[in-house]
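Remarks on the structure that follows.
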Protein chains: 2
Amino acid sequence: MLTISRETDYAARVILHLALQPTGSRSTARQIAELRIIPRALVRRIVTRLATAGLITTARGGDGGITLARPPTEITLLEVVEALEGPVALNICTVEPNICPLMPACTVHEAWVDIRDTLRANLARITFAALAQKGGASSPDTTAR
Amino acid sequence: MLTISRETDYAARVILHLALQPTGSRSTARQIAELRIIPRALVRRIVTRLATAGLITTARGGDGGITLARPPTEITLLEVVEALEGPVALNICTVEPNICPLMPACTVHEAWVDIRDTLRANLARITFAALAQKGGASSPDTTAR
DNA sequence: TTATAATGATACCAGATCGGTATCAATCAA
DNA sequence: TTGATTGATACCGATCTGGTATCATTATAA
Ligand code: FES
Ligand code: FES
């Protein structure tokens, strides 16, 4: 099944949660885990990835927590996916062209590249500001039916 | 790395090869493996998958071999991908919506679905007739530099 | 100073997947 | 009968996956 990993899905939930909080406020991994129903230890691992990717800022200590490193208008779904998955390749030969021994004659290659490019463009078109506006709740139970 | 499996790449090569052969002629797994540089046993496994998916027709015995089940104008990249990978889900929650416990409030869900849909549409837009016309050679060495 | 609560960094685990190989049976033409 | 083909499995080691656990580090607050 051509799909992102579970962790990447969780990461999108984490960023969406942060985008829904008031600007400047900090959330803790524990809070996010409970509210967004993600295993606590996984949130920790995901936060590490997102932090080294530069998408979020973390603060240690008693009053520590997590906050977005940039305004949600400038964080796209593509960035989250690539922070967790690595490159959106679609086919490895789009990233390492020398692995296909048929390279000059292989006409499928162009197709993979084209489709990959528009896939990336579509992922980059989605900002978390847009997702946050779309009726999200700052804590999910508020609007749950 | 968000990518199809190696087998799926091979499968595309196999179908492209068949699309480049004269209509009605049969290729053997051995030939395809050598010409398209795929491990022989893998071609066998891939052929099985493609056959049960209805994309190719196989014939056993001495003069046996493999041929397309339909004209290449009617075989798309999407069909090949889904024959090998299963559904193009992008995120599992687009296929099994009940696994996301935040379902009604999760605004990311729509994004996954939309992007998945256009990805599928783009894969479905590519026919192997088009790929075959695009300068492919019936055996790759012919045009290799 | 001490207690507490948070992140950083690893290490570990069982199970699934991946890429590849191997084997034997069934089929068909020569 | 022989040989070449596909069908169907079974197997292998390596890697990935989803999840858990542990200890160190940092910072706030009593
Ligand atoms: S170059 Fe990508 S499949 Fe050949
Ligand atoms: S429904 Fe897909 S991530 Fe929530």
Side-chain angles (χ1 to χ4, degrees), chain A residues 1-14 18 25-34 36-67 69 84-87 89 91-93 96 99-101, chain B residues 1-14 18 25-34 36-69 84-86 89 91-93 96 99-101:
Chain A
M1 195 165 55
L2 183 50
T3 182
I4 60 175
S5 73
R6 211 81 270 287
E7 254 176 294
T8 303
D9 176 285
Y10 292 158
R13 294 191 209 171
V14 168
L18 295 175
S25 73
R26 287 186 201 140
S27 308
T28 71
R30 177 187 300 267
Q31 287 170 2
I32 300 176
E34 284 173 8
R36 303 300 168 172
I37 314 186
I38 308 171
R40 209 177 303 168
L42 270 189
V43 175
R44 301 293 316 284
R45 195 155 75 189
I46 291 164
V47 161
T48 306
R49 306 286 303 267
L50 292 173
T52 63
L55 295 182
I56 62 180
T57 308
T58 58
R60 294 211 251 192
D63 194 33
I66 306 156
T67 188
L84 274 284
E85 298 276 335
N91 190 343
I92 190 174
C93 75
E96 296 180 54
I99 77 151
C100 178
Chain B
M1 195 164 57
L2 184 52
T3 183
I4 60 175
S5 73
R6 209 85 272 286
E7 253 175 295
T8 303
D9 177 284
Y10 292 157
R13 295 192 209 171
V14 168
L18 294 175
S25 74
R26 286 188 203 139
S27 307
T28 72
R30 176 186 302 266
Q31 288 169 1
I32 299 175
E34 283 173 9
R36 303 299 168 173
I37 315 186
I38 307 171
R40 209 176 305 167
L42 272 190
V43 175
R44 299 295 316 285
R45 198 155 71 187
I46 291 164
V47 161
T48 306
R49 307 287 302 268
L50 292 172
T52 63
L55 296 182
I56 62 181
T57 307
T58 59
R60 294 211 252 193
D63 193 32
I66 306 156
T67 188
L68 293 183
L84 275 282
E85 299 275 334
N91 190 343
I92 190 175
C93 75
E96 295 179 55
I99 78 150
C100 177

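We use all heavy atoms of the structure for the numbers below, so side chains are in, but hydrogens, waters and symmetry mates are not.
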Check your understanding: Between A:Arg44 (CZ) and D:dG18 (C1'), how many Å, whole number?
Key -> 17 Å

Exercise for review: For A:Arg13 and A:Ile37, work out which heavy atoms get closest and say how close.
Suggested key: NH1-O, 3.5 Å

Practice item. On DNA chain C, check which nucleotide each of B:Ile4 and A:Gly62 is closest to and give me the residue with the more 5' one. Key: A:Gly62

Check your understanding: In Å, rounded to the nearest 0.5 Å, how long is the span from CD1 of A:Ile66 to CD1 of A:Ile56?
Key -> 5.5 Å

Review point. For the pair made of CG in A:Leu84 and C1' in D:dT17, what is the distance, rounded to whole Å?
Key: 13 Å

Exercise for review: Quickly work out the B:Ile46 CD1 to C:dT21 P distance and round it to whole Å.
Suggested key: 12 Å

Point to revise | Closest to side chain of A:Thr58, choosing from C:dG8, C:dG19, D:dG7 | key: C:dG8

Review point. Considering only side-chain heavy atoms of B:Ser5, which listed nucleotide, C:dT21, C:dG19, D:dT28, is closest?
Key: C:dG19

Review point. CZ of B:Arg49 versus P of C:dT17: gap in Å, rounded?
Key: 12 Å

Revision key, fill the gap. Closest non-hydrogen contact found for B:Glu85 with B:Ser5 is OE2-N, 2.6 Å

Practice item. Answer yes or no: does a side-chain N or O of A:Arg30 lie under 4.0 Å from OP1 or OP2 of C:dA5? Key: no

Point to revise | Per A:Arg60 side chain, nearest of listed nucleotides D:dT25, D:dT20, D:dT5 | key: D:dT25

Review point. CG of B:Leu2 versus C1' of D:dT17: gap in Å, rounded?
Key: 15 Å

Check your understanding: Looking only at heavy atoms, what is the nearest atom pair of B:Gln31 and B:Arg26, with distance?
Key -> OE1-O, 4.4 Å

Study note, to complete from the structure: B:Met1 atom CE is separated from D:dC16 atom P, nearest whole Å, by 9 Å

Check your understanding: Roughly how many Å is it from CZ in A:Arg26 to C1' in D:dA27, rounded to a whole number?
Key -> 10 Å

Check your understanding: Starting at the 5' end of DNA chain D and moving along, which residue's nearest nucleotide shows up first, A:Gly61 or A:Pro39?
Key -> A:Pro39

Revision key, fill the gap. Considering only heavy side-chain atoms of B:Asp63, the closest of C:dA29, C:dA9, D:dG19 is C:dA29

Exercise for review: Would you indicate what B:Arg45 reaches in the nucleic acid, counting non-hydrogen atoms under 4.0 angstrom: base, sugar-phosphate, or nothing?
Suggested key: base

Review point. When you measure from the side chain of B:Tyr10, which nucleotide among C:dG20, D:dT5, D:dG19 comes out closest?
Key: C:dG20

Revision key, fill the gap. Nearest heavy-atom approach of B:Ile4 to B:Asp9 is CD1-N, 4.0 Å

Check your understanding: The side chain of A:Leu42 lies closest to which of these nucleotides: D:dG18, D:dT5, D:dT6?
Key -> D:dG18

**Study point:** Closest listed nucleotide, where the reference is the side chain of B:Arg6 and the choices are C:dG19, D:dG19, D:dG7
**Key:** C:dG19

Exercise for review: May I have the distance from A:Glu85 (atom CD) to D:dT17 (atom P), rounded to whole angstrom?
Suggested key: 7 Å

Review point. Which listed nucleotide (D:dT6, D:dG19, C:dT21) is nearest to the side chain of B:Thr28?
Key: D:dT6

Review point. A:Ala29 has a side chain; which of D:dT20, C:dG20, C:dT7 sits nearest to it?
Key: C:dT7

**Study point:** Sugar-phosphate, base or nothing in reach of A:Ala51, heavy atoms under 4.0 Å
**Key:** nothing

Check your understanding: Which atoms form the tightest heavy-atom contact between B:Leu84 and B:Arg49, and what is the distance?
Key -> O-NH2, 3.4 Å

